[in-house]
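Note on naming: letters A, B, ... go to the chains in the order of the sequence lines (proteins, then strands), and numbering restarts at 1 for each one. Quick caveat, the model's predicted, so the values are computed rather than measured.
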Amino acid sequence: MDPIHQFEIKNLFVLTRIGGHEIAFTNSALYMVIALAVISALMIGATTSRALVPGRMQSIAEISYEFIANTLRQSAGSEGMKFFPLVFTLFMFILTVNMLGLIPYTFTVTSHIIITVSLALLVFLTVIVYGFKKNGLRFFKLFVPSGIPIVILPLVTFIEVLSFISRPISHSVRLFANMLAGHITLKVFAGFVTMLGAAGFFGWMGAVLPLGLTVALTALELLVAFLQAYVFAILTCIYLNDAIHPGH
Amino acid sequence: MAQKSAEPITSIEHIPSSEHGKGFPPFDPTTFASQFVWLVLVFGALYLLMSRIALPRIGAIMDSRRQSVEGDLAEAKSLKDSSDAAIAAYEKALADARGRAQALANETREKFAAEAEAARKELDAALNTRLTEAEQAIATRRTAAMANVHDIAVETAAAIVERLTGNAPAKPDVAKAVAGTLKS
């Protein structure tokens, strides 16, 4: 009944210790590996025939490809296509672990902040490294919008820097909090069903409402699972666009 | 859940303290290292699989599809062009043939019309000749007949005078008198 219980990390077996940190194969790692297998089966297994007229699974693989390619091309231009594998991997990984987490009794990898922060920092560092590599010091133009009166320029620059630095925080917390809150809500409402169900006939009658809500919430969580993966991917595209075209 | 089922839970608030002591799992730093290591491994492997195998393959599939569709369309267009050209050639041949047939028909019609005209003129001429001949014959006959009428009138007049008077009149006188009467 504990809505937090589902987020517990359990060690399946401990591999090694590095500097006092225990490195173990956990339930989280298991679901990451499952996601890896699912994505590979879809993107590689379903495309082995290289059919000119695609079957169902190959169609899904091609639609995913086109969907992310179009999103990236629209927000970061054709230059952004060199980051296509990164954005595609991010999207597919987040989408798959989100969806896997909605199956009852499974674990949601993205409900842990260390995962979402790591992914957001990967994007953040990619933006910084590529931004300086491609533009040099002109990358700082990102923080100095053109056409701003000189009087308020320091203030605007300060705000721009602040918003740039807070990007990985909002980027990661958005995904983490959505998955966490959604799963807690689902668990609480599903818990009401069993609690009321244990209270006899009138309890059963009363349990209909939370049961209906649980079904509705599951549908909503499916949408959220997709939407958060998409939001993470599109924000990645927008941030990469800043690295490619730093001038506003 | 398994170890908790031994002591039944009566409410959400009543959670065994051993569970409570761990704190909120997503913020438990002891699990960070394991999760991070596995994220790096799995995400790295996924990135390699996608960027080396999956995405180039799907890109190639879609490229080859686009090329084959474009090739098919180009072939269809060239076939359509050649069929259009064949239709145009056929129509031109048809128009030529029709024109030639028309010309031939006109020529033939004119030829036959000219022949018919010539024959008609010939016939006309022949008929006119015969008409003239007949008219001449009629005129000759009439003159001869008129001459005979004169002779007969003279003879008759002479015979009538002889019968009435008993004297045979002189022929020139009678002729003169008849001619005078006929003239008046």
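Leu39(B) has its side chain within reach of Leu119(A): a pair of non-hydrogen atoms, C-beta onward, lies under 4.5 Å apart. Met43(A) has its side chain out of reach of Arg57(B): every pair of non-hydrogen atoms, C-beta onward, lies at least 4.5 Å apart. Considering only heavy atoms from C-beta on, Phe43(B) stays 4.5 Å or farther from Leu36(A) through its side chain.
Taking OG1 of Thr31(B) as the start and NZ of Lys10(A) as the end, the distance is 12.5 Å to the nearest 0.5 Å. With rounding to the nearest 0.5 angstrom, the CG atom of Leu46(B) is 6.0 Å from the OG atom of Ser40(A). Taken to the nearest 0.5 Å, the OG atom of Ser118(A) stands 9.0 Å off from the CZ atom of Phe32(B). Within the model, atoms CD1 of Ile44(A) and CD1 of Ile58(B) stand 8.5 Å from one another, a figure rounded to the nearest 0.5 Å.
When the shell of 6.0 Å around CE of Met146(B) is examined, it contains 12 or fewer heavy atoms from other residues, nucleotides or ligands. Heavy atoms of other residues, nucleotides or ligands lying less than 6.0 angstrom from NZ of Lys134(A) number more than 12. The environment of CZ in Phe13(A) is crowded: more than 12 heavy-atom neighbours from other residues, nucleotides or ligands sit within 6.0 Å. Within a 6.0 Å radius of CD in Glu107(B), other residues, nucleotides and ligands contribute 12 heavy atoms or fewer.
Heavy atoms only, all atoms of each residue included: Gln35(B) and Ile9(A) are closest at NE2-CD1, 3.4 Å. Of all the heavy atoms in Ser51(B) and Pro85(A), the pair that sits closest is CB-CB, 3.5 Å. Between Ile39(A) and Met50(B) the shortest heavy-atom distance is CG2-CE, 3.7 Å. Nearest heavy atom pair, residue Val42(B) against residue Val33(A), reads CG2-CG2, 4.0 Å. Taking both residues in full, the closest heavy atoms of Pro54(A) and Arg65(B) are given as CD-NH2, 3.4 Å, listed atom of the first, atom of the second, then distance.
A donor-acceptor pair under 3.5 Å is absent between the side-chain atoms of Trp38(B) and the main chain of Leu30(A), judged by distance alone. In this structure, Arg50(A) contributes its side chain and Ile61(B) its backbone to no donor-acceptor pair below 3.5 Å. Put simply, the side chain of Ser34(B) never gets that close to the backbone of Thr26(A): no donor and acceptor are under 3.5 Å apart.
The aromatic rings of Phe176(A) and Phe27(B) sit tilted relative to each other, their planes meeting at an angle between 30° and 60°.
For Ser64(B), the parts lying under 4.5 angstrom from a heavy atom of chain A are both the backbone and the side chain. Proximity to chain B (any heavy atom under 4.5 Å) is restricted, for Phe88(A), to the side chain, taken from C-beta onward. Heavy atoms closer than 4.5 Å to chain B are found in the side chain of Leu180(A), but not in its backbone. Contacts of Phe7(A) with chain B are made by both backbone and side-chain atoms, with heavy-atom separations under 4.5 Å. For Glu62(A), the parts sitting under 4.5 Å from any heavy atom of chain B are the backbone and the side chain alike. Proximity to chain B is limited to the backbone of Ser111(A), based on heavy atoms less than 4.5 angstrom apart. In this structure, the portion of Leu122(A) lying under 4.5 Å from any heavy atom of chain B is its side chain and not its backbone. Only the backbone of Ala51(A) comes within less than 4.5 Å of a heavy atom of chain B; no side-chain atom from C-beta onward does.
Of the listed residues (Leu42(A), Leu15(A), Ile114(A), Val117(A)), the one with the most heavy-atom contacts under 4.5 Å to chain B is Ile114(A).
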